Amino acid sequence: FSDAAKSEAACEELRAFVPAGGKVLAYAQDVGNIPELPAFLKRIETDFGRTVTDLICAAGRLRDGLFMAEDVQTHLDMLNEHLLAPMALA
């Protein structure tokens with residue numbers, strides 16, 4: 001399965017629990033690119049026809065390296081993905 005196929009399979013599974021007329025959508029977005037997030041949020045609001053009130057953010061990558069052994073850019077990327085992006089979308 002590709003990531004897109006896995007996302008669509010998860011959406012399909014969740015749709016069974018959503019009342020008629022409800023939507024379940026998955027989006028692929030580089031959340032580490034903070035300047036793009038307002039347009040991304042606007043796209044979600046357009047797709048759902050209203051302001052976003054709840055957001056499930058499962059973005060980011062895990063890195064299993066030793067903290068002291070990682071370079072600064074790796075730490076900056078992790079902060080963007082796991083902290084700053086959810087803050088920017090809130």
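What you are looking at is a predicted structure, and each value in this text was computed from that prediction instead of being measured.
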### hydrophobic_cluster_shared for M78 and V72, side chain cutoff 4.5 Å
no
#### Entry: Closest heavy-atom pair and its distance - C11, L25
SG-C, 3.8 Å
### Query
Taking a hydrophobic cluster as the set of Ile, Leu, Val, Met, Phe, Trp and Tyr residues connected by side-chain heavy atoms closer than 4.5 Å, whether directly or through intermediates, do V52 and V31 fall within one such cluster?
yes
#### Entry: Pairs meeting criterion salt bridge (Lys or Arg N to Asp or Glu O under 4.0 Å) with involvement of residues 7-29, two or more places apart
E8-R15, E12-R15
Sequence neighbours left out, cut at 3.5 Å: what donor-acceptor pairs do the side chains of residues 35-48 make with other protein atoms?
{"from": "E36", "atom 1": "OE1", "to": "Q29", "atom 2": "NE2", "distance (Å)": "3.0"}
{"from": "E36", "atom 1": "OE2", "to": "N33", "atom 2": "ND2", "distance (Å)": "3.0"}
{"from": "T46", "atom 1": "OG1", "to": "K42", "atom 2": "O", "distance (Å)": "2.9"}
{"from": "D47", "atom 1": "OD2", "to": "Y27", "atom 2": "OH", "distance (Å)": "2.7"}

### Query
For the hydrophobic clusters of this structure (ILVMFWY residues joined by side-chain heavy atoms under 4.5 Å, transitively), does one cluster hold both L89 and M87?
yes
### Message
Would a single hydrophobic cluster contain both L76 and I34, if residues Ile, Leu, Val, Met, Phe, Trp and Tyr are joined by side-chain heavy-atom contacts under 4.5 Å?
### Response
no
### Task
Please test D71 against T74 for side-chain hydrogen bond (donor to acceptor under 3.5 Å, both in side chains), starting from the C-alpha separation and ending with a verdict.
CA-CA 6 Å; D71 60 37; T74 298; 2.8 Å; yes
